[in-house]
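In what follows, a structure is listed as structure tokens, so that the remarks can point back to it.
Values below: every heavy atom of this structure, side chains too, minus hydrogens, waters and symmetry copies.
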Amino acid sequence: MSMKIDPRTVQQMLQLQLYEQTNIFSSVSPYALGRSASTFAGLLEEIVRLETVTEPDPAPKSSGSGLVGQAVPHPSLSKPTTYDPLIHEAALKYGVDAALIKAVIHAESSFNPTAQSHAGAKGLMQLMDGTAKALGVADSMDPEQNINGGTRYLAALLAKYNGQEAVALAAYNAGPGRVDRLGIATERDLRAHFDRLPAETRNYITKVLDLKETYKV
């Protein structure tokens with residue numbers, strides 16, 4: 001009995017292999033250096049706990065589509081954004097590539113600070129209420145708080161998954177609990193279980209990695 005595989009899934013998996021070959025994936029995490037592993041681990045444990053309490057297997061938060069809030073014209077990819085100072089401050093504070101932060105914001109909210117998904121994710125980096133609470137974010141619609149909290153969360157995921165950006169992005173979109181339940185901890189695991197992730201998450205990973213390359217100086 002033959003198994004049919006969606007050609008789009010095959011294309012996305014090939015893209016992930018290309019990213020690995022061009023050293024986007026790193027075997028040594030730059031995000032874990034100089035960071036408190038216990039602090040990041042505790043943060044993620046709290047977020048996973050809140051995720052499990054609210055919904056055993058949550059659907060990925062909608063990114064970029066189905067958002068409500070003040071419409072903001074999309075900035076040219078070649079120009080600085082209003083939030084660049086906040087992005088660079090958070091990048092330095094948490095040791096995360098500014099281009100990656102900007103790519104996540106682009107994919108999550110199209111730079112709309114009042115964006116809210118139907119799933120309840122809010123602000124520039126689309127933080128769920130439970131995640132925001134664990135990150136100490138009082139107002140997810142405040143750009144400074146949202147970018148600081150979202151970058152802190154992204155840094156924790158990068159540290160957890162040893163700097164493997166695609167795996168961290170899968171967890172950012174679908175939740176670390178779901179990614180862990182699928183047995184995904186490395187880029188090899190991600191390729192092996194890629195078709196088990198929601199279509200939105202598969203698209204999200206490739207979109208953010210593409211955008212990161214676009215935003216690199």
Show the nearest heavy-atom pair for residues [X] and [Y], with the distance to one decimal.
X: A107; Y: V208; result: CB-CG2, 3.6 Å
X: I101; Y: A90; result: CD1-C, 4.4 Å
X: A171; Y: Y161; result: CB-CE1, 3.7 Å
X: L209; Y: A166; result: CD1-CB, 4.1 Å
X: A103; Y: L211; result: CB-CB, 3.6 Å
X: M128; Y: A119; result: CE-O, 3.2 Å

Listed by chain and number, what are the side-chain hydrogen bond (donor to acceptor under 3.5 Å, both in side chains) partners of H88, not counting sequence neighbours?
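For H88, no residue satisfies side-chain hydrogen bond (donor to acceptor under 3.5 Å, both in side chains) once neighbours in sequence are set aside.
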Say whether, by atom type as modelled, one donor and one acceptor occur between the side chain of [X] and the main chain of [Y] under 3.5 angstrom.
X: Q126; Y: A115; result: yes
X: T206; Y: N203; result: yes
X: R152; Y: Y94; result: no

Going by heavy atoms in the side chains, are [X] and [Y] under 4.5 Å from each other?
X: I147; Y: E89; result: no
X: D97; Y: K212; result: yes
X: L197; Y: N173; result: no
X: L127; Y: N146; result: yes
X: I87; Y: T81; result: yes
X: I205; Y: F194; result: yes

Check step by step if side-chain contact (heavy atoms from CB on, under 4.5 Å) holds for Y172 and T201.
CA-CA 9 Å; Y172 193 97; T201 301; over 6 Å; no
Start with the C-alpha distance between L190 and V179, add both sets of side-chain angles, then the distance that settles side-chain contact (heavy atoms from CB on, under 4.5 Å), and finish with yes or no.
CA-CA 9 Å; L190 182 64; V179 169; over 6 Å; no
Per-pair distances, 0.1 Å, donor-acceptor, side chain in residues 135-144, under 3.5 Å, sequence neighbours excluded:
unit_1, atom_1, unit_2, atom_2, d
D139, OD1, M141, N, 3.0
D142, OD2, E144, N, 3.4
D142, OD2, Q145, N, 2.9

Quick one: which residue pairs count as a salt bridge (Lys or Arg N to Asp or Glu O under 4.0 Å) with a foot in residues 110-127, not counting sequence neighbours?
K122-D129
With salt bridge (Lys or Arg N to Asp or Glu O under 4.0 Å) as the rule and sequence neighbours excluded, what pairs involving residues 112-121 come up?
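Listed once each, the pairs would be none.
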Please list, chain by chain and in numerical order, all residues satisfying side chain to side chain contact (heavy atoms under 4.5 Å, CB included) with T186, sequence neighbours excluded.
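Here the qualifying residues are Q164, R188, D189.
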Step-by-step side-chain contact (heavy atoms from CB on, under 4.5 Å) determination, E165 to L100
CA-CA 9 Å; E165 291 178 353; L100 180 61; 4.1 Å; yes
State the CD1-OH distance between I105 and Y83, to the nearest 0.5 angstrom.
9.0 Å
Is the ring pair H106/Y215 parallel, tilted or perpendicular, if the boundaries are 30 and 60 degrees?
perpendicular
Is the shortest distance from a Lys or Arg side-chain nitrogen in D84 or K102 to a carboxylate oxygen in the other one below 4.0 Å?
yes
